[in-house]
Participant: 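One structure, pasted below without further comment.
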Number of protein chains: 2
Amino acid sequence: MTAVCADCAVRRQALCGSLDDGELAALHRLGWRHRMARGETMAWAGAENVACATLLSGVLKLSASTADGREQIVGLHFPSEFIGRPYGDTVEFSVSALTDAELCVFPRDRFQEVLGAHRGMERMLLQRTFAALDATRSRLLVLSRNTAAEKVAGFVLSMAERARGISDCRASADGPVTFDLPLTRGEIADVLGLTIETVSRQLTKLKGAGVLALPGVRGVTIRDPAALRARAGLL
Amino acid sequence: MTAVCADCAVRRQALCGSLDDGELAALHRLGWRHRMARGETMAWAGAENVACATLLSGVLKLSASTADGREQIVGLHFPSEFIGRPYGDTVEFSVSALTDAELCVFPRDRFQEVLGAHRGMERMLLQRTFAALDATRSRLLVLSRNTAAEKVAGFVLSMAERARGISDCRASADGPVTFDLPLTRGEIADVLGLTIETVSRQLTKLKGAGVLALPGVRGVTIRDPAALRARAGLL
DNA sequence: CGGCGAATTGAAATGCATCAAATTGGGTGG
DNA sequence: CCACCCAATTTGATGCATTTCAATTCGCCG
């Protein structure tokens with residue numbers, strides 16, 4: 001690793017935050033920085049499970065697909081989040097970069113040893129895994145019971161929260177919030193279990209109703225947050 | 001607890017299996033046996049998170065619903081599985097009994113202390129939580145991309161595997177496998193994100209094609225496992 | 001300015017939901 | 001033991017949201 005952990009932008013939020021300086025130095029020696037270009041894949045579903053990582057910058061997707069090629073994005077990862085699946089010989093899902101990204105990568109076997117040696121880190125990972133499980137279970141409800149309109153409105157809301165600090169987010173205190181979606185229409189469709197056309201139509205409808213503005217092809221401005229929340233089914 | 005852990009039918013498979021006899025006695029003092037009748041609910045989504053448990057017998061559902069009452073079952077629990085969400089002040093999902101059930105219940109705060117004192121148990125819980133996360137992510141693909149026919153065929157297959165030993169499963173070595181579904185049509189619909197009518201029609205279709213027989217209202221006989229797997233989209 | 005992938009828009013097809021009615025079957029009391 | 005009852009299931013007819021197929025249009029980069 002060229003850069004040191006002390007410089008790390010996500011140090012406080014990441015799993016490594018549970019380690020003291022000495023422990024961090026030990027972990028540091030096991031890992032290395034890795035850059036990924038948009039579209040690049042670092043793990044394929046069904047392949048051998050070789051690495052774990054902390055995401056430093058960018059957005060990654062976790063995806064699965066049916067035998068005949070229908071795809072579903074089963075999770076999105078933002079900076080400081082843990083990527084990987086300790087205690088498993090193969091990986092169930094593919095990991096790819098939706099934007100250019102930078103990670104701190106560790107060999108899985110060595111990472112598991114570190115986990116075994118540091119209770120605080122193992123505890124933190126358990127808590128995060130429970131949180132991820134809850135989030136994924138909540139998405140089951142959304143994917144199977146929400147309408148296309150609710151899905152798209154809810155997605156824009158969740159991206160507005162999470163994208164803050166990721167993409168250039170121009171939020172004025174009382175004015176409208178503007179940010180760039182890190183996903184194409186097709187990727188949004190793969191997250192929500194819809195088609196590109198349906199996502200596009202729903203966004204157009206929100207624009208027509210004055211709830212959103214769509215400056216440029218990735219940009220979004222939330223003009224009426226309350227209306228957006230209502231359309232997401234959050235009352 | 002009237003019955004002792006030594007008698008416990010699920011001792012080897014459950015989390016407690018990671019404890020030695022002395023540790024088990026300590027955990028034993030914290031918990032108690034609890035019986036649930038079919039339909040009974042032990043935790044409501046949004047309520048305070050007070051207990052964890054091991055399921056001894058029966059089948060439980062974990063469910064969420066939208067503001068306007070659409071329900072989705074986000075998980076099913078079978079005997080020996082761990083129920084609960086350590087490290088959270090409220091629960092996100094309701095827990096109810098699909099059949100009469102029996103649990104070994106522990107106060108959440110005390111259970112967390114035990115977890116903190118026994119690395120083996122914490123490790124085992126982390127592994128199980130990762131497995132549950134993978135399973136839930138896989139269900140995202142099924143719910144959003146599979147057709148009703150694929151969902152129902154896949155559900156029957158998964159219940160055939162899991163129900164073995166739960167309900168009276170009469171499997172002859174080479175002959176057809178027969179078992180009882182622990183869920184009503186309505187509950188199956190809530191698992192698969194369909195309606196009662198669609199589930200019924202798909203089962204009828206499988207019966208008409210000679211893939212299944214439906215002896216009685218809960219019974220299922222798999223006459224042609226290969227055809228069922230093909231219809232589930234497993235090639 | 002020209003090219004090309006991504007996004008939008010339109011028209012038609014379809015799978016599942018919805019609404020409605022008939023049937024089954026397990027349990028109860030006469 | 002049988003008749004009845006009620007809830008669950010099945011079956012039928014119709015509607016609609018979303019997909020599918022098919023053109024444009026947009027916006028970015030050379």
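Heavy atoms only: backbone and side chains are in, while hydrogens, waters and symmetry mates are out. Chain letters run A, B, ... following the sequence lines, proteins first, then strands; residues in each count from 1.
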Participant: Using the rule side-chain contact (heavy atoms from CB on, under 4.5 Å), only one of A/Val177, A/Leu214, A/Leu203, A/Thr178 pairs with A/Val220; which is it?
Facilitator: A/Leu214
Participant: Quick one: B/Arg145 CZ to C/dC16 P, roughly how many Å, whole number?
Facilitator: 14 Å
Participant: How far apart are the closest heavy atoms of A/Leu143 and A/Gly193, and which atoms are they?
Facilitator: CD2-N, 4.0 Å
Participant: Could you check how far CD of A/Gln202 sits from P of C/dG10, rounded to whole Å?
Facilitator: 15 Å
Participant: Just the table, please: protein N/O against nucleotides 4-9 of chain C N/O, every pair under 3.5 Å.
Facilitator:
from: C/dA7; atom 1: OP1; to: A/Arg185; atom 2: N; distance (Å): 3.2
from: C/dA7; atom 1: OP2; to: A/Arg185; atom 2: N; distance (Å): 3.4
from: C/dT8; atom 1: OP1; to: A/Arg185; atom 2: NH2; distance (Å): 3.1
from: C/dT8; atom 1: OP2; to: A/Arg185; atom 2: NE; distance (Å): 2.7
from: C/dT8; atom 1: OP2; to: A/Ser200; atom 2: OG; distance (Å): 2.8
from: C/dT8; atom 1: O5'; to: A/Ser200; atom 2: OG; distance (Å): 3.1
from: C/dT9; atom 1: OP2; to: A/Thr204; atom 2: OG1; distance (Å): 2.9

Participant: Heavy-atom distance under 4.5 Å between the side chains of A/Leu212 and A/Arg223, does that happen here?
Facilitator: no
Participant: If you count heavy atoms of other groups shown closer than 6.0 angstrom to CZ of A/Arg218, is the number above 12?
Facilitator: yes
Participant: Round to the nearest Å and state the distance from A/Lys205 atom NZ to C/dG10 atom P.
Facilitator: 13 Å
Participant: Answer yes or no: is there a side-chain heavy-atom contact under 4.5 Å between A/Val191 and A/Arg139?
Facilitator: yes
Participant: How would you give the extent of chain B contacts on DNA chain D, as first and last nucleotide 5' to 3' within a 4.0 Å heavy-atom cut-off?
Facilitator: D/dT9 to D/dA13
Participant: Under a 4.5 Å cut-off applied to non-hydrogen side-chain atoms, are A/Ser57 and A/Phe78 in contact?
Facilitator: no
Participant: Does any non-hydrogen side-chain atom of B/Phe155 lie less than 4.5 Å from one of B/Leu183?
Facilitator: yes
Participant: Would you call B/Arg85 and A/Asp134 a salt bridge, taking side-chain N to carboxylate O under 4.0 Å as the test?
Facilitator: yes
Participant: In whole angstrom, give the distance that lies between atom CG of B/Asp180 and atom P of C/dG26.
Facilitator: 11 Å
